[in-house]
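Notes for the one structure printed next.
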Amino acid sequence: MSDTPVHIQFALISHTNNGKTTLARTLVGVDVGEVRDAAHVTVFAESHLLLKTTEGDTLQLWDTPGFGDSVRLLKRLGMAGNPIGWFLREVLDRYRDRPFWLSQQALRTARDEADVVLYLVNSSEHPRDAGYLPAEMRILAWLGKPVVVLLNQLGPPRPAHEEQQEQTAWKQHLDQYTIVRDVLALDAFARCWVHERVFYEAVGKLVEEPKQAAYARLFALWEANNRERFLEAMRITSAQLAGAARDSEPVEADDKTFLKSAMKAVGLGKSDQQRQERAMGLLVERLNQNIAATTGRLLALHQLDPSEAPKINARVSKNFTVRAPVDRAQAGLLGAVVSGAATGLSADLMAGGLTFGAGALLGGVVGALTAAGAAWGFNTSTDRNRTTMQFADDFLHTLLVSSILRYLAVAHFGRGRGNFVEGEAPAFWQAEVEGAVAQQAQRLAGLWQALRSEGESGKAAADVEAVATEVARATLAKLYPGAMEAGAAGGLSPQPSQSLRLP
């Protein structure tokens with residue numbers, strides 16, 4: 001292996017205002033550049049580091065100005081015998097003919113720097129309606145560099161076969177342009193790292209042979225980073241689940257004094273139900289606090305703003321349906337609890353009462369949990385004549401589903417316009433997660449009780465982590481057929497523990 005570091009560069013090009021800088025932010029993982037809904041926001045080509053190995057190899061991404069009047073640009077270039085050579089020698093007035101000058105900057109960068117040109121298109125429009133496309137394809141052909149077309153602005157995540165149909169339509173239309181070597185979906189607003197894996201693998205095949213060994217090292221680094229991030233996300237998620245399973249709250253003992261008994265007799269003292277509901281309320285409040293903290297840690301792990309956790313949880317809640325023996329309104333409150341979207345519940349709680357205001361919401365949540373009988377949401381146990389309240393297995397099962405949905409919502413976040421821009425957590429994700437959880441039914445049967453019995457030192461916590469990891473992996477495999485299997489060959493796809501290995 002050569003001791004000289006190798007530098008590989010991609011140039012991101014598109015028609016103006018098609019989302020180049022937005023996609024650059026998503027790939028780099030930092031809010032680089034400026035993003036506005038206007039033409040020609042990027043006025044200079046900017047280089048951003050994507051990856052760097054310990055050997056010093058680097059992968060750089062160039063964000064370039066967008067093409068403006070492509071048809072006029074093509075006509076001007078067609079006047080020269082050596083179009084690109086003439087174009088790059090010209091000194092043009094950046095103030096008199098700004099769109100033309102910006103296009104020059106994009107072409108200069110692609111010609112001088114790029115190993116591969118990444119051409120971004122707006123997938124929401126039909127390729128036949130992109131009037132600029134033929135001209136820009138001819139312009140790119142003059143560069144003599146391999147071109148990969150990236151489909152951006154795909155809209156809300158859809159089932160794989162629907163997204164594949166759109167990708168196929170673009171591929172068929174672009175078959176007429178021999179410079180296009182591949183067409184890939186890579187949305188800046190609602191993509192997952194699985195999308196990026198397919199991207200890095202496909203584009204890497206187009207890097208020239210002398211740089212292939214270095215690219216293999218860079219790609220291995222990308223895989224290792226993403227595998228560790230995935231596994232850390234599962235550790236964070238499973239720790240919150242294990243904590244909820246172990247959590248308990250004692251039910252206040254009945255006061256046997258004559259005065260308290262007399263007050264209770266006339267309706268002034270706390271009934272058994274009130275004492276139980278207060279214990280349930282305290283469990284719910286701690287659960288919401290822990291979910292909010294967990295969401296913040298997941299966002300930070302993905303280099304996103306942790307303060308946006310409430311928006312993530314609200315999105316999960318909006319598209320999550322609780323499968324419980326309760327009515328629609330109660331199911332909505334339950335969904336708010338398990339998604340972490342039930343906020344502001346503590347104002348009256350620590351004062352010991354369920355009054356109006358924030359406490360009224362808490363009372364509604366607890367009422368929903370107990371509407372079908374306390375057995376659904378909670379367990380009671382008696383130890384040394386002390387009654388204790390805990391979350392029931394069915395509730396924890398539901399919490400597992402919502403926890404994986406929360407991970408998916410974070411993992412599909414595209415940096416978009418800076419901090420959090422509301423993405424999608426579509427309803428069909430829940431069915432995929434529930435299917436993956438169902439495959440773990442046998443293992444889950446005694447797992448929650450084992451967590452309660454063993455405490456923090458037992459092996460059940462590791463089993464919960466393994467189950468959550470396998471559920472998330474299996475869900476991603478269903479959402480992106482073939483992608484996770486390809487990752488497994490390179491060691492990216494997380495493998496379940498021996499005791500949880502699927503047939």
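- Residues passing the side-chain contact (heavy atoms from CB on, under 4.5 Å) test with Ala461, sequence neighbours excluded: Arg246, Leu451.
- Closest of all the heavy-atom pairs between Ser402 and Ser339 is OG-N, 4.4 Å.
- Rounded to the nearest 0.5 Å, atoms CG (Leu59) and CG (Leu218) are 5.5 Å apart.
- Results of the side-chain contact (heavy atoms from CB on, under 4.5 Å) test with Val338 over Leu399, Leu405, Leu400 single out Leu399 as the only residue that passes.
- Not counting sequence neighbours, the partners of Arg323 by the side-chain hydrogen bond (donor to acceptor under 3.5 Å, both in side chains) test are Glu434.
- Note that CG of Asn122 is 11.5 Å distant from CG of Leu133, once rounded to the nearest 0.5 Å.
- With sequence neighbours left out, Tyr200 forms a ring pair (Phe, Tyr, Trp, His ring centres under 6.0 Å) with Trp222.
- Summarising the geometry, atom CG belonging to Leu51 is positioned 10.0 Å from atom CZ belonging to Phe219; distances are rounded to the nearest 0.5 Å.
- In this structure, Glu432 contributes its side chain and Leu479 its backbone to no donor-acceptor pair below 3.5 Å.
- Considering only residues two or more places apart in sequence or on other chains, Tyr407 meets the ring pair (Phe, Tyr, Trp, His ring centres under 6.0 Å) condition with Phe230.
- Using a 4.5 Å cut-off on side-chain heavy atoms (C-beta onward), Leu150 and Phe199 make contact.
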**Asked** Should Val433 and Leu408 be marked as a side chain to side chain contact (heavy atoms under 4.5 Å, CB included) after you check the CA-CA gap, both sets of side-chain angles, and the distance that decides it?
**Response** CA-CA 10 Å; Val433 174; Leu408 292 175; 4.0 Å; yes
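- Counting only residues at least two apart or on different chains, no ring-ring contact (aromatic ring centres under 6.0 Å, His included) pair has a member in residues 162-185.
- With rounding to the nearest 0.5 angstrom, the CG atom of Leu396 is 10.0 Å from the CG atom of Leu444.
- The side-chain hydrogen bond (donor to acceptor under 3.5 Å, both in side chains) search around Gln172 returns none, not counting sequence neighbours.
- Evaluation of the side-chain contact (heavy atoms from CB on, under 4.5 Å) rule for Ala202 yields Asp182, Leu184 as partners, not counting sequence neighbours.
- Contact record, Gly204 with Gln212: O-NE2, 2.9 Å, taken as the closest heavy-atom pair.
- Rounding to the nearest 0.5 angstrom, the gap separating the CH2 atom in Trp193 from the CZ atom in Arg229 is 8.5 Å.
- Counting heavy atoms from C-beta on, the side chains of Val401 and Val471 never come closer than 4.5 Å.
- Under the side-chain contact (heavy atoms from CB on, under 4.5 Å) criterion, Lys211 pairs with Val6, Ile8, Asp115, Val207, Glu208, sequence neighbours left out.
- Using a cutoff of 4.0 Å between basic side-chain nitrogens and carboxylate oxygens, Glu232 and Arg235 are scored as salt-bridged.
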**Asked** Between Leu206 and Phe10, is a side chain to side chain contact (heavy atoms under 4.5 Å, CB included) present by the stated rule, with each step listed?
**Response** CA-CA 11 Å; Leu206 305 178; Phe10 299 155; over 6 Å; no
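- Here the CG-CZ distance, from Leu140 to Arg138, works out to 12.0 Å after rounding to the nearest 0.5 Å.
- Residues Leu174 and Tyr119 have side chains not in contact (no heavy-atom distance under 4.5 Å, counting atoms from C-beta outward).
- Contact record, Ile404 with Ala468: CD1-O, 3.8 Å, taken as the closest heavy-atom pair.
- With sequence neighbours excluded, the residues forming a side-chain hydrogen bond (donor to acceptor under 3.5 Å, both in side chains) with Thr295 are Asn313, Arg406, listed by chain and number.
- For the pair Ile13/Glu136, no side-chain contact is recorded, criterion being any heavy-atom separation below 4.5 Å from C-beta on.
- A search for side-chain hydrogen bond (donor to acceptor under 3.5 Å, both in side chains) contacts involving Ser307 returns Asp305, not counting sequence neighbours.
- Minimum interatomic distance between Gly296 and Pro306 (heavy atoms only, all atoms of both residues): O-CB, 3.6 Å.
- Gln60 pairs by the side-chain contact (heavy atoms from CB on, under 4.5 Å) definition with Gln9, Ser47, Leu49, Thr58, not counting sequence neighbours.
- Residue-environment remark: CD (Gln176) exceeds the threshold of 12 foreign heavy atoms within 6.0 Å.
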**Request:** Show your working on side chain to side chain contact (heavy atoms under 4.5 Å, CB included) between Thr64 and Leu12 and close with a plain yes or no.
**Result:** CA-CA 6 Å; Thr64 67; Leu12 192 55; 5.5 Å; no
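- What you find for Ser403 and Thr237 is that their closest heavy atoms are CB-CG2, 3.7 Å.
- When all heavy atoms of Ala472 and Met234 are compared, the closest pair comes out as CB-SD, 3.7 Å.
- Using a 4.0 Å cut-off between a side-chain N of Lys or Arg and a carboxylate O of Asp or Glu, Arg197 and Glu201 qualify as a salt bridge.
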